[in-house]
Amino acid sequence: MKIQSVKGTRDFYPPVMAVRNFILDGWKSASLRNGFEEYDGPIFEYLKMYQVKSGDEIVEQLFNFTDRGGRHLAIRPEITPTLARMVNQQINSLPRPIKWFSIPRLCRAERPQKGRLREFFQWNVDIIGSESILADAEVIYCTIDYLRSLGLTSKDIKAKISSRKLLAAFLLDIGIAADSLESLYPILDKKPKLPEDAFVEMLGKAVEDDGKADTIKKFMELSDISEIAGLFNPGEEAKAALQELSDLMDILGQMSVGDYCVFDPHIVRGLAYYTGIVFEIHDAANSLRAVAGGGRYDNLLGDFGGPKVSGTGMGMGDCVLEILLSEKGLLDGQLPTKNLDYFIACLDTDLQGAALELTAALRHAGFATDFSYKATGLKKQLKQASAANSAICVIIGTEYKEKSLFLVKDMKTSGQQLMTKEQVIQAAK
RNA sequence: GUGGAUGUAGCUCAGCUGGCUAGAGCACCAGGUUGUGAUCCUGGGGGUCGGGGGUUCAAGUCCCCUCAUCCACCCCA
């Protein structure tokens with residue numbers, strides 16, 4: 001019986017695994033150099049944990065099951081609720097700001113398509129317990145720092161930044177009722193995908209006053225925060241939000257990633273819990289879904305039974321990123337699946353004992369060492385050494401038979417010299 | 001959930017209007033006389049043509065059903 005892999009999952013053969021490691025290792029080192037600590041939680045949680053802040057539709061997109069004790073559980077579709085739970089449990093003993101990152105494997109029972117699978121990895125970076133705009137700047141910086149380290153330039157990707165706070169203040173200031181904001185956000189979020197007249201029509205239905213609708217449309221078309229002033233009379237909230245946004249841009253400029261960052265009012269984010277700065281990373285051509293997204297949330301801990309402590313964070317999946325890197329040719333160098341220090345070529349079955357002894361000694365000394373199971377021709381064994389990216393190939397042949405010497409070949413320079421076993425191990429160090 | 005496309009070797013694919021034992025490139029394995037990595041040359045293994053049914057003297061090719069995958073929409077934490 002032939003069994004195939006489950007829809008939306010991937011098999012990581014060594015070359016594919018090398019790409020995955022390349023991405024995940026990069027996430028980890030970027031996090032660490034930006035001063036974040038790693039955490040993780042269980043891969044399944046109580047189902048209700050994911051129902052707190054989302055509706056039934058989200059639940060349909062969960063892999064959930066009931067255990068033998070009758071508990072309703074779900075495989076994690078995101079790690080933020082786990083983070084909130086973990087932080088809440090120790091909130092009084094954790095030094096602030098809490099700068100944590102995680103690289104969880106997540107599952108969502110959605111229909112797979114380009115850049116979206118049912119099982120994937122997501123890099124999460126969060127700073128909890130700081131209201132400072134510096135925290136938002138650090139999250140964005142860390143995200144760009146990583147992408148830049150891969151070779152993506154400001155011509156390849158953009159961090160599109162906006163502010164929920166500004167948007168809300170603006171809408172209230174022009175006279176939109178507070179209780180209709182929530183229903184307006186999804187429409188604004190959709191604008192980039194819609195033809196202009198379709199957007200105008202949707203907006204017209206949601207906002208009856210033509211003048212207000214027109215002002216909203218103009219707001220959405222802004223490309224620079226300095227232009228906002230002429231659009232409406234900002235109240236206190238709006239002024240504060242504007243100042244914050246402008247400070248953020250200044251900080252990102254000082255941190256040398258200003259050319260990656262643009263103000264873009266289209267960034268609303270569907271999620272209701274965002275309350276301040278919001279941002280998404282997109283490829284410049286905007287042909288892929290977002291590479292990363294995040295923002296500030298004021299009520300997340302509170303939603304999970306904790307105190308009202310503000311946080312700001314970011315999530316980046318591996319699927320879209322891999323497509324982008326591949327399109328930009330940044331994965332072309334064919335990542336190695338094997339990197340030996342030593343390959344032991346044995347040319348005579350009688351000498352296999354010596355080969356095994358040397359292999360074991362080198363391995364014991366901490367060197368990646370491999371050998372051929374068959375005493376085939378030297379040509380073939382050198383080929384094997386080469387394929388395994390071995391730095392050195394030790395040849396055991398007549399010299400060993402006659403003088404107990406190993407022929408040590410440097411695979412890069414092709415130079416070779418005779419050595420005793422002790423010399424081989426000494427040279428290795 | 002809706003719509004569109006595609007399933008032929010491990011991978012990427014060719015196979016025209018049905019017609020002999022189903023092909024190519026890459027990959028893999030073995031060789032090219034005793035011990036030097038590339039290229040090249042020769043040979044080899046490997047396919048229920050996604051599955052089932054139908055039409056026909058004859059089906060990878062045409063028709064129906066089914067399964068799977070991909071792409072787009074919905075959604076997107």
Side-chain angles (χ1 to χ4, degrees), chain A residues 1-11 13-16 45 49-62 74-84 104 106-118 120 122 124 126 186 189-190 193-194 198 268-274 278 280 287-290 292-295 297 300 303 313-317 319-320 323 343 345-348 351 372 374-402 406-416:
Chain A
M1 186 180 178
K2 192 178 170 187
I3 298 177
Q4 57 176 30
S5 58
V6 177
K7 180 202 280 285
T9 65
R10 289 170 286 181
D11 291 332
Y13 287 87
V16 184
E45 295 266 11
M49 174 164 242
Y50 303 110
Q51 296 172 311
V52 169
K53 57 170 193 179
S54 33
D56 291 339
E57 184 145 355
I58 295 295
V59 174
E60 280 174 24
Q61 296 180 342
L62 290 174
I75 301 175
R76 62 187 179 188
E78 56 171 331
I79 202 169
T80 311
T82 303
L83 170 68
L106 307 176
C107 292
R108 297 175 185 173
E110 298 174 297
R111 184 162 290 201
Q113 51 188 276
K114 191 178 183 184
R116 189 166 76 177
L117 299 172
R118 289 186 159 188
F120 55 96
Q122 189 184 65
N124 282 76
D126 287 273
D189 195 48
K190 269 192 199 111
K193 280 188 169 182
L194 296 171
V268 180
R269 312 269 305 149
L271 207 55
Y273 66 60
Y274 287 113
V278 281
E280 284 178 4
S287 63
L288 301 173
R289 47 182 66 243
Y297 42 85
L300 188 66
D303 289 345
M314 179 285 297
M316 177 188 299
C319 302
V320 177
I323 293 168
F343 187 88
C346 176
L347 301 178
D348 190 327
L351 303 174
S372 172
K374 283 185 284 186
T376 54
L378 180 56
K379 184 174 192 160
K380 182 157 290 182
Q381 295 197 58
L382 279 171
K383 218 182 242 185
Q384 248 183 294
S386 200
N389 284 311
S390 191
I392 289 170
C393 183
V394 178
I395 300 159
I396 306 179
T398 51
E399 298 87 346
Y400 187 82
K401 243 180 203 167
E402 293 162 6
F406 297 97
L407 186 56
V408 180
K409 183 182 181 73
D410 184 313
M411 297 298 283
K412 262 211 188 85
T413 64
S414 294
Q416 47 191 40

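In what follows, every chain begins at residue 1, and chains take the letters A, B, ... in the order their sequences are listed.
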Base, sugar-phosphate alone, or nothing: which one does [X] contact when heavy atoms must sit under 4.0 Å apart?
X      : result
A/E280 : nothing
A/D348 : nothing
A/K401 : nothing
A/L106 : nothing
A/Q384 : nothing

Decide side-chain contact (heavy atoms from CB on, under 4.5 Å) for A/M314 and A/D126; before the verdict, give the C-alpha distance in whole Å, the side-chain angles of both, and the deciding distance to 0.1 Å.
CA-CA 6 Å; A/M314 179 285 297; A/D126 287 273; over 6 Å; no
Could you measure between the two [atom1] atoms, the one in [N] and the one in [M], and give it in whole Å?
N     : M     : atom1 : value
B/G23 : B/G46 : P     : 14 Å
B/A27 : B/C13 : C1'   : 14 Å
B/C65 : B/A30 : P     : 49 Å
B/G19 : B/G10 : P     : 24 Å
B/C11 : B/C49 : P     : 16 Å
B/C20 : B/U55 : C1'   : 22 Å
B/G54 : B/U69 : P     : 27 Å
B/G25 : B/C40 : P     : 12 Å

Starting from [atom2] on [N], measure out to [atom1] on [X] and report it in whole angstrom.
X      : N     : atom1 : atom2 : answer
A/K7   : B/G7  : NZ    : C1'   : 14 Å
A/L378 : B/U36 : CG    : P     : 6 Å
A/Q51  : B/A77 : CD    : P     : 18 Å
A/Q122 : B/A77 : CD    : C1'   : 8 Å
A/F120 : B/C76 : CZ    : P     : 14 Å
A/D11  : B/U69 : CG    : C1'   : 14 Å
A/L347 : B/U34 : CG    : P     : 12 Å
A/L194 : B/C75 : CG    : P     : 10 Å

Base [N] to side chain [X], donor-acceptor N/O within 3.5 Å cut-off:
X      : N     : result
A/R108 : B/C76 : no
A/R116 : B/C71 : no
A/Q61  : B/A77 : yes

Residues passing the side chain to side chain donor-acceptor pair (under 3.5 Å) test with A/S287, sequence neighbours excluded, are A/D283
Can you figure out which of [options] approaches the side chain of [X] most closely?
X      : options             : result
A/E78  : B/G1, B/A77, B/U36  : B/A77
A/K409 : B/U36, B/C73, B/C76 : B/U36
A/Y273 : B/G37, B/A72, B/A77 : B/A77
A/Q4   : B/C75, B/A68, B/G1  : B/A68
A/K193 : B/A38, B/C76, B/G1  : B/C76
A/Q416 : B/A30, B/U36, B/U2  : B/U36
A/P77  : B/A77, B/C75, B/A38 : B/A77
A/K114 : B/U36, B/C75, B/A72 : B/A72
A/S414 : B/G37, B/U2, B/A77  : B/G37
A/K379 : B/G1, B/C70, B/U36  : B/U36

Specify whether A/F406 and A/Y400 have parallel, tilted or perpendicular ring planes, treating 30° as the upper limit for parallel and 60° as the lower limit for perpendicular.
tilted
I want to check something: taking the side chain as every heavy atom from C-beta on, are [X] and [Y] in contact at a cut-off of under 4.5 Å?
X      : Y      : answer
A/M316 : A/Q122 : no
A/Y297 : A/D303 : no
A/K409 : A/V394 : no

I want to check one thing: is the phosphate of B/C75, taken as OP1 and OP2, less than 4.0 Å away from some side-chain N or O of A/K190?
yes
Please check the phosphate of B/G31 (OP1 and OP2 only) for any side-chain N or O of A/K380 closer than 4.0 Å.
yes
Given side-chain contact (heavy atoms from CB on, under 4.5 Å), test A/R10 with A/L117 step by step and report yes or no.
CA-CA 9 Å; A/R10 289 170 286 181; A/L117 299 172; 3.3 Å; yes
Paired stems touching RNA chain B, three or more consecutive Watson-Crick or G-U pairs with both distances under 3.5 Å?
B:1-7 with B:67-73, B:10-13 with B:23-26, B:28-32 with B:40-44, B:50-54 with B:62-66
For the atom pair CE (A/M411) and CZ (A/F343), what is the distance rounded to the nearest 0.5 Å?
9.0 Å
Starting at CD1 of A/I396, measure out to CD of A/Q381 and round the result to the nearest 0.5 Å.
9.5 Å
Does a donor on one side chain and an acceptor on the other come within less than 3.5 Å for A/Q113 and A/R289?
yes
On RNA chain B, more 5' by nearest nucleotide between A/G415 and A/R289 is A/G415
Along RNA chain B (nearest heavy atom to each residue), the more 5'-positioned of A/T80 and A/S5:
A/S5
Going through the distances and angles, do A/V278 and A/V268 end up as a side-chain contact (heavy atoms from CB on, under 4.5 Å)?
CA-CA 7 Å; A/V278 281; A/V268 180; over 6 Å; no
